[in-house]
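In what follows, chains are A, B, ... by sequence order, proteins preceding strands, each numbered from 1. None of the values given here were measured: they were computed from a predicted structure.
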Amino acid sequence: MSYLQIKNVWKTYEESVILEKLNFSIEKGEFCTLIGPSGCGKSTFLRMLLGQDIPSRGSILLEGEPLSSEPGSDRGVVFQKYTLFPHLKALENVMLGLEMEHSPLLGKVFGSTRKRIKEEAMAMLKSVGLEQSAHKYPSELSGGMQQRLSIAQALVKKPKILLLDEPFGALDPGSKADMHVLVRELWKTYGLTVFMVTHDVKEAFELGTRLLVFDKVRNDPHAPNAYGATLVNDIKLDRNKRKYKGETYDTINETTIA
Amino acid sequence: MRLINLNAGRFTPLLKILPFVILALIYWIAADARHALNSEDKLLPTFEAIGDAVKIMVMEPDELTEEPILYTDTIASLSRIAKGLGIATIIGLVFGIVQGTLPLFRALLSPFSAAVSLIPPIAILPILLIIFGLDESAKVALIVIGVAPFLIRDTQQYSMELSEELLIKVQTLGASTWQIIVRVVLPHVMPRLLDALRLSLGAAWLFLITAEAIASSEGLGYRIFLMRRYMEMDVILPYVAWITFLAFLMDWSLAVIIRKVFPWYRKEKK
């Protein structure tokens, strides 16, 4: 049985169809990247994975169980920005998820549990390269560092699947390249299952083990909302194929733009 | 050089006190001129006369209370305003967060608290006096009713400012509604609420002095209105200055508290 199954998922808002006939599954440990032209329902699909939205038809199963209809700790997320707690220092931002697990009432722990959690959070900060900035507030960190922190914050909860929503879209090319290295490293070390939405085709090819492309296959000029986007391309990106990256890259670039 | 690029530099402190000095000077000249015409003038007492009056208010015990009147008045007024603002802050915090964070309760309570905030507080002072009599609670209640609705509205607004992404993120960290309120909403709202409280100080003093003028037997507002009957400007003027100073002190201490307790707040706003 597949890890994450998407079974005949449709999403419609009133008259307009956003997504139709989505059928695919993702295996444990895959690094899936999703691209597609804007308005192709990438974000809508991610919202459904998060539990912010539910499919109009069909179902999404994680380890055979339907997803809960609100966000939960089985699915970690990193957005483009705005996801750090400004009143907590970097270390405390990572500790928060663990603290709330241990203290339902205050969401804050003390004593030996705190010490243990602190160590765990510190180790996580180290693995994203932020141990030097543990005692800084998010507003004192650069954009790249903030995204590293956001990843650490999500990973410390050991989510079954990590969702990335254009996480490096606001970064300069230099930090972006650093982040790519980091994310691949983390993916290998922790054996993560990652689902990443991006509009950067190059990034999608470089990072993923599998590339998904959403687009509209049918289009009625008189009723632009009558048909939704669906999965038009599903490419395995294994090591050997990566050598021929250039070739595939061009074809896919055309399909997305077309 | 353009005016917008011109800074006072080392003269800045001087510029800050200049308007105060000018006002005192104008007063001194005017008082002097009036006293030259009529040495019994009560409208603009000289600085000496004010000084003498202040000495009596501060040093000489009152026959009834055996304390100097400025002392009893200040304690009475400060305790009323502290109680009023304290209760209003708690109400603002609780209702503001509940309405801002929980859509169900927002639907239930938001229109109601908006309607309540439109009631002119002074208009219901008679009702408060009927219910609470000339007791302390009428004065405290007026401050609460005058200030709380605004604190509720502001706090609700601050709670709703939290980005959708942040609220999703904290849910993916496994937070319950209560934990979200305690660990995310409350720290976000607290410094902003204290800022809103600073802005409410003017209104709170207004309600306090009104209530004291109408129904009281001590307090800063009571004294000013009592002295009006005898046209004792030498008491009224220092009292007004004292009230202004107290208001300034409250504002300043709140600013210090915000800076010390929430060091991340100013950084975040930058």
Original post:
So which of A:Glu140, A:His87, A:Lys89, A:Met100 has the largest heavy-atom pair count under 4.5 angstrom toward chain B?
Top reply: A:His87
Original post:
In Å, rounded to the nearest 0.5 Å, how long is the span from CD of B:Gln179 to NZ of A:Lys108?
Top reply: 12.5 Å
Original post:
Quick one: does A:Tyr137's side chain get under 4.5 Å of B:Pro263's, heavy atoms only?
Top reply: yes
**OP:** Using a cut-off of under 4.5 Å on heavy-atom pairs, state which of A:Ala154, A:Gly107, A:Pro159, A:Gly97 scores highest against chain B.
**Re:** A:Gly107
Original post:
Which bit of A:Leu163 comes within less than 4.5 Å of chain B, counting heavy atoms only: side chain, backbone, both or neither?
Top reply: neither
Subject >> Atom pair OG1 (A:Thr83) and CG (B:Leu167), whose distance is rounded to the nearest 0.5 Å >> reply: 11.5 Å
Original post:
Given that the side chain runs from C-beta out, which part of A:Ser150 has a heavy atom under 4.5 Å from chain B: side chain, backbone, both or neither?
Top reply: both
Subject >> Engaged part of A:Leu88 at the chain B interface, taking heavy atoms whose separation is under 4.5 Å >> reply: side chain
Original post:
Less than 4.5 Å apart, any side-chain heavy atom of B:Trp178 and any of A:Leu105?
Top reply: yes
Subject >> Minimum side-chain heavy-atom gap A:Gln153-B:Lys169 below 4.5 Å >> reply: yes
Original post:
Which distance, rounded to the nearest 0.5 Å, do you find between the CG of B:Leu162 and the CZ of A:Phe85?
Top reply: 9.5 Å
Subject >> Contacting moiety of A:Ser73, where chain B heavy atoms sit under 4.5 Å >> reply: both
**OP:** Report, as yes or no, whether the 6.0 Å neighbourhood of atom OH on A:Tyr190 holds more than 12 heavy atoms from other residues, nucleotides or ligands.
**Re:** yes
Original post:
Quick one: what part of A:Gln80 sits under 4.5 Å from any heavy atom of chain B, side chain, backbone, both or neither?
Top reply: neither
Original post:
Counting only heavy atoms not in B:Phe105, do more than 12 sit closer than 6.0 Å to its CZ atom?
Top reply: no
Original post:
Do the non-hydrogen side-chain atoms of A:Leu96 and B:Arg183 ever get within less than 4.5 Å of each other?
Top reply: yes
Original post:
Is A:Glu65 atom CD crowded by more than 12 heavy atoms from other residues, nucleotides or ligands, each under 6.0 Å away?
Top reply: no
Original post:
To the nearest 0.5 Å, how far apart are CZ in A:Phe79 and CG in B:Leu166?
Top reply: 10.0 Å
**OP:** Look at atom CD of A:Glu101 and say whether more than 12 heavy atoms of other residues, nucleotides or ligands are closer to it than 6.0 Å.
**Re:** yes
Subject >> Over 12 foreign heavy atoms within 6.0 Å of CZ, B:Phe95 >> reply: no
Subject >> Toward chain B, the part of A:Lys81 with a non-hydrogen atom under 4.5 Å >> reply: backbone
Original post:
What part of B:Val184 is in contact with chain A, defined as an atom under 4.5 angstrom from a non-hydrogen atom: side chain, backbone, both or neither?
Top reply: both
Subject >> Pairs of heavy atoms under 4.5 Å with chain A: top-ranked of B:Gly174, B:Pro187, B:Ser163 >> reply: B:Pro187
Subject >> More than 12 heavy atoms of other groups within 6.0 Å of A:Ile54 CD1 >> reply: no
Original post:
Just how far is it from atom CZ of A:Arg75 to atom OG1 of B:Thr172, taken to the nearest 0.5 Å?
Top reply: 9.0 Å
